[in-house]
Every structure is written in C-alpha cells, then in structure tokens.
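In this text the structure is predicted, and so the values were computed from the model without any measurement. All ligand and atom numbering here is 1-based and tracks the order in the structure. Worth knowing before you read on, the calculation uses all heavy atoms, side chains too, and leaves out hydrogens, waters and symmetry mates.
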Amino acid sequence: MAENCIFCKIIKKEIRSQIVYEDEDTIAFHDINPQAPVHILVIPKKHIPSLAEVHENDKDILGKLLLTASKVAKKLAISEDGYRVVVNTNRDAQQTVFHIHVHVIGGRPMSWPPG
Ligand code: AMP
Ligand code: ZN
C-alpha cells in the first residue's frame, strides 16, 4: 500500500468505487470516466507503480491481472463480441494513475491503431 495512491484507497475502501470482482490478489471496478459502454479497471492489491517497474517476483500477480480481466469480460458479457485490454505505461502512453492497472474496454467496435 502506498500513501496518497488513489487506487490503494479504493482497495482499502477509503474511496468508493463500483466493484465488479474481487479476490485475494486483484480487484476490478468501473472506470469513473468510461471510454466505452464497458470500461473496467483491474488492479493488483499490491502497489506496483507501472508496467515499467515490475520484477521477476511479480510474474504471478501479472498473470492474475489478465486472468481477472478475462473473468470480468465474461461476467459483463463482452467476451464473445470482444474487448480491448490496455496498460498505459508512463508519459507517452498518458498513464495518469501510478498504480498498475489493466483497462478492459468493450461494448462497441473499436478502431486500430489507437491514438
Ligand atoms: P491511465 O490514464 O491509464 O493511468 O488510467 C487511469 C484511469 O483511472 C482513468 O481512465 C480514470 O478515469 C480512472 N480513474 C481515476 N480515478 C478513478 C476513481 N476514483 N475511480 C475509478 N476510476 C478512476
Ligand atoms: Zn497504489
């Protein structure tokens, strides 16, 4: 847990969020500013600032993030039509919250390449 980290506060339930899934290692909740009909953030309960700062011993939790993303997509009924998983990392990707998170975005067709 990190002081002043908004996602750590969501994990501790100090800030309210619309949680759609939680287990011992991960939590998933609705993005406050959705970019599509379904826009969920999946985060680890461990505070890791970004994908640029992961270590060998984070490999289980990194795997769990994608597993949770897949479960959530099924739960919210976007799995069959399809969805996008995005991990914005550092400045060029416009990462704004420095607690690693996986965006799960779906419910509409998307274009490629992303902006
Ligand atoms: P990123 O730009 O990849 O760092 O994404 C951060 C995401 O967190 C943005 O899509 C924000 O809308 C979202 N966000 C920020 N604060 C909250 C919050 N309190 N509850 C839910 N989502 C949030
Ligand atoms: Zn945090």
K.L.:
If you define the side chain from C-beta out and look only at heavy atoms, does anything of I78 sit under 4.5 Å from V104?
P.N.:
yes

K.L.:
Can you give me a line-by-line list of nitrogen or oxygen pairs between ligand 1 and the protein shorter than 3.5 Å?
P.N.:
residue	atom	partner	partner atom	Å
ligand 1	2 (O)	Q94	O	3.1
ligand 1	2 (O)	T96	N	3.4
ligand 1	2 (O)	T96	OG1	3.0
ligand 1	3 (O)	N88	ND2	2.9
ligand 1	3 (O)	H101	NE2	2.9
ligand 1	3 (O)	H103	NE2	2.8
ligand 1	4 (O)	T96	N	2.7
ligand 1	4 (O)	T96	OG1	3.1
ligand 1	4 (O)	V97	N	3.0
ligand 1	4 (O)	H101	NE2	3.0
ligand 1	5 (O)	H101	NE2	3.0
ligand 1	5 (O)	H103	NE2	3.3
ligand 1	10 (O)	D31	OD1	3.2
ligand 1	10 (O)	D31	OD2	2.5
ligand 1	12 (O)	D31	OD1	2.6
ligand 1	22 (N)	I32	N	3.1

K.L.:
For S17 and F29, work out which heavy atoms get closest and say how close.
P.N.:
OG-CB, 3.8 Å

K.L.:
Less than 4.5 Å apart, any side-chain heavy atom of V54 and any of I100?
P.N.:
yes

K.L.:
When you compare the side chains of Y21 and K71, does any donor N or O come within less than 3.5 Å of an acceptor on the partner?
P.N.:
yes

K.L.:
So among K64, K45, K46, which one has a side chain to side chain donor-acceptor pair (under 3.5 Å) with D25?
P.N.:
K64

K.L.:
To the nearest 10°, what's the angle at the Zn ion (ligand 2) between atoms ND1 (H47) and SG (C8)?
P.N.:
110°

K.L.:
Please name the atom of H99, restricted to N, O or S, that is closest to the Zn ion (ligand 2).
P.N.:
ND1

K.L.:
Between F7 and L41, is there a side-chain heavy-atom distance shorter than 4.5 Å?
P.N.:
yes

K.L.:
Please report whether the ring centroid of H101 lies less than 6.0 Å from that of H99.
P.N.:
no

